[in-house]
There are 2 protein chains.
Amino acid sequence: MDGRKQRVLELLVEDYVNTGEPVGSRTLSRKYQLGVSPATIRNEMADLEVEGYLEHPHTSSGRVPSDKGYRYYVDQLLERPGLDRSLIQWIQDSYRARVRELTWFMHQTAKLVSDITAYPTLVIAPRVSDARLMELSLVPMRPGLAVLVLRMDSGLIESQTIAVPTELLGSDLAAMAAELSRGLHGVAVRDLENAIWRRLKGDLMRHRQFWEEMVQRLIEVADDEERVAVSGTRNMLNYPEFRDVDRLARVLGFFEKEAEIDRLVSGRSPVGIEVMIGAELPSLDIQDCSVVTAAYRVGRKVVGRVLVLGPRRMHYGRVIAVLETVSEELSRALEWA
Amino acid sequence: MDGRKQRVLELLVEDYVNTGEPVGSRTLSRKYQLGVSPATIRNEMADLEVEGYLEHPHTSSGRVPSDKGYRYYVDQLLERPGLDRSLIQWIQDSYRARVRELTWFMHQTAKLVSDITAYPTLVIAPRVSDARLMELSLVPMRPGLAVLVLRMDSGLIESQTIAVPTELLGSDLAAMAAELSRGLHGVAVRDLENAIWRRLKGDLMRHRQFWEEMVQRLIEVADDEERVAVSGTRNMLNYPEFRDVDRLARVLGFFEKEAEIDRLVSGRSPVGIEVMIGAELPSLDIQDCSVVTAAYRVGRKVVGRVLVLGPRRMHYGRVIAVLETVSEELSRALEWA
DNA sequence: AATTAGCACTCTGAGAAGACGAGTGCTAAT
DNA sequence: ATTAGCACTCGTCTTCTCAGAGTGCTAATT
């Protein structure tokens, strides 16, 4: 593809991203000084259409980029804008001096990114059955209630209130938990259910039913944490292409289908930024959208992804830049969470 | 208002609730055997309109209930339907055998109610600055990190990961926390900041900066918990009167404005079910909606409200019945959470 | 060979006109 | 007090026309 054709494609994509209106040859030549007449641009556009980079909504309207056109733009033409100093500061401040739990970070991040980009944002924490248990404690509260605290090898810490047999004293409870903790140290979450049998002896055996139930809860806590944080879905209303209520309903429906969301992130490359455009997306509900995702880590391990969803005419450059910074800062914040 | 007029109003409201179409005299007389001709009903309807119970979208269309009409219907005519045995079972099962934290219950409830009623649902936990601290522990995790666990007099238990000075050993930490816990027992959250000064002595004084910071976090945890759980906003798309995108946007915007939501619940009667219709609502964003709310308790204390929002032509009877059961079951589940 | 001007052609979207139908309000009869 | 009859109103749906934007093609120009 020669230089001028690239330039035409680039300008067309950018104009369409900004206006949402199909772009005609005259608009293109007048708005940006291309130094050639509309007729020339028309020819280039006809070529680009034949090659599949552009589409015609109908015979007598301007052109619109196709999935292939966006893809070429993102892969070849896009230049990443730098972010404002003040914006970077804002992002860093959002995480600073806070040590909280994963779910807090997830919500915070979803809100932050959707506020900055004005696109709906999801933050996903995939199931981590291969995480290993490092430590387990039971903190007695009033009789019959305790707080279960877990630390995983990924560095995640989670806690939950659970019921305990009322006849157990606080000190007994703590001691038994400590014994169990030693026994289960380093066991993968998915193996906990089997491993527990071999560890239940002595004092522990006397409240066997309770401990069995507790392990169920433990697995739940470690494995089945709240999976998705969503924010800014309302932004979808800003885009004229989604003022059609049925189309809108389909997209909003997508946000409530965990299975679809899972399908979107499973099998993604483990690190870095990835862009999916229109029909490249596995979910039918959002075929007329695009998605930009970024992985985030706890320690060295990728634990989840941040996911920005928008119309196909998305500000790819800016979204990518924001996600790079945010996923970096988020990972840094989680490193010692 | 005589019996027949009431009957006309009742049927009109119910028909409009079901169909969403303005109701004409003929429809009313044909659909429900009223034993009188359309002309008679027309006269009744004209009277009801003069008295302000009905409205005319335009001269040649059926009538629609006004706020006053709905209000009369809810206060005087509404009969509460019983709930299916199986539905009650479902609600109870949703809470059974789970002891979790408040936020989990909030999300669970929002989802449950929006699934049952097909209306957007909010669950609100008001700030509880007047709660008192019962117990505080610090569970050491790896060096530099611990889990802060709080128990409040309302029975709520909350926990959070926090950073601690790396030079403090786990056992010291626990001991110091225990001392602090004794000192702060029974102090109201809003007084914690002042109370802490008098308690910081001896060993505690040596890490004064840490403890000050910790109290800040403690107040945050106890007081500034996630405030609102929302579910089912997408249901709003099912109602033809909200297929207008701008109207829809205003309602969806409401869900993201905590201040507006606060205004809605503050000053409500502390217990029981309350219905607010159209212009009775303090928030401009939702003047064409209605809201049904129910209080829920932890122990004997009202700690929050469940809030169902829908178009003014809402199935009031059913929503009220569902909220009665749900708020009851939720309070029971929280009693020993 | 590449570019451009000119022009006929296509298609959409807005607006006007008209038919239709649901529902009313009034009058007069029961 | 109730009801039948009927003229009238007004919103909605359909059809039609028309302007405008934009194209594709051809022939002229560089």
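Below, chains carry the letters A, B, ... as their sequence lines are ordered, and counting in each starts from 1.
- Rounded to whole angstrom, the span from the CD atom of Glu21(B) across to the C1' atom of dG21(C) amounts to 14 Å.
- If you take NZ of Lys5(B) and C1' of dA1(D), they are 13 Å apart, rounded to a whole angstrom.
- Once rounded to the nearest 0.5 Å, the distance linking NZ of Lys257(B) with CG of Asp262(B) reads 13.5 Å.
- In this structure, Lys31(A) places its NZ atom 15 Å from P of dA21(D), rounding to the nearest Å.
- If you take CG of Leu34(B) and P of dA1(D), they are 19 Å apart, rounded to a whole angstrom.
- In this structure, the side chains of Leu12(A) and Pro65(A) come closer than 4.5 Å at one or more pairs of heavy atoms.
- Counting to the nearest Å, the C1' atom of dG23(C) and the CG atom of Leu28(B) are 13 Å from each other.
- dA29(C): Watson-Crick or G-U partner is dT2(D), with both key distances under 3.5 Å.
- Here dC25(D) presents its C1' atom at 18 Å from CD1 of Ile41(A), a figure rounded to the nearest Å.
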Per-nucleotide protein contact string for nucleotides 3-13 of chain C (B base, S sugar-phosphate only, - none; heavy atom under 4.0 Å):
SBBB---BBS-
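- OP1 and OP2 of dA22(C) both lie 4.0 Å or more from every side-chain N or O belonging to Thr27(B).
- No side-chain heavy atom of Glu241(A) sits under 4.5 Å from any side-chain heavy atom of Asp288(A).
- In this structure, the CG atom of Leu54(A) is 11 Å from the P atom of dT23(D), given to the nearest Å.
- Between Asp115(B) and Thr121(B) the shortest side-chain heavy-atom distance does not fall below 4.5 Å.
- Atom CG of Asp47(A) and atom C1' of dG24(D) are 13 Å apart (whole Å).
- For dT24(C), the paired nucleotide is dA7(D), the pair qualifying as Watson-Crick or G-U wobble because both relevant distances are below 3.5 Å.
- Phosphate contact (OP1/OP2 of dG22(D), side-chain N/O of Arg30(A), threshold under 4.0 Å): absent.
- Between Tyr316(B) and Tyr70(B), the two ring planes are tilted [angle within 30° to 60°].
- Ring geometry for Tyr53(B) against Tyr72(B) counts as perpendicular: the plane angle is over 60°, on a 0 to 90° scale with 30° as the lower cut.
- At a threshold of 4.5 Å between non-hydrogen side-chain atoms, the residues Tyr73(B) and Val17(B) do not count as touching.
- Under the Watson-Crick or G-U wobble criterion, with both distances below 3.5 Å, dC16(D) is paired with dG15(C).
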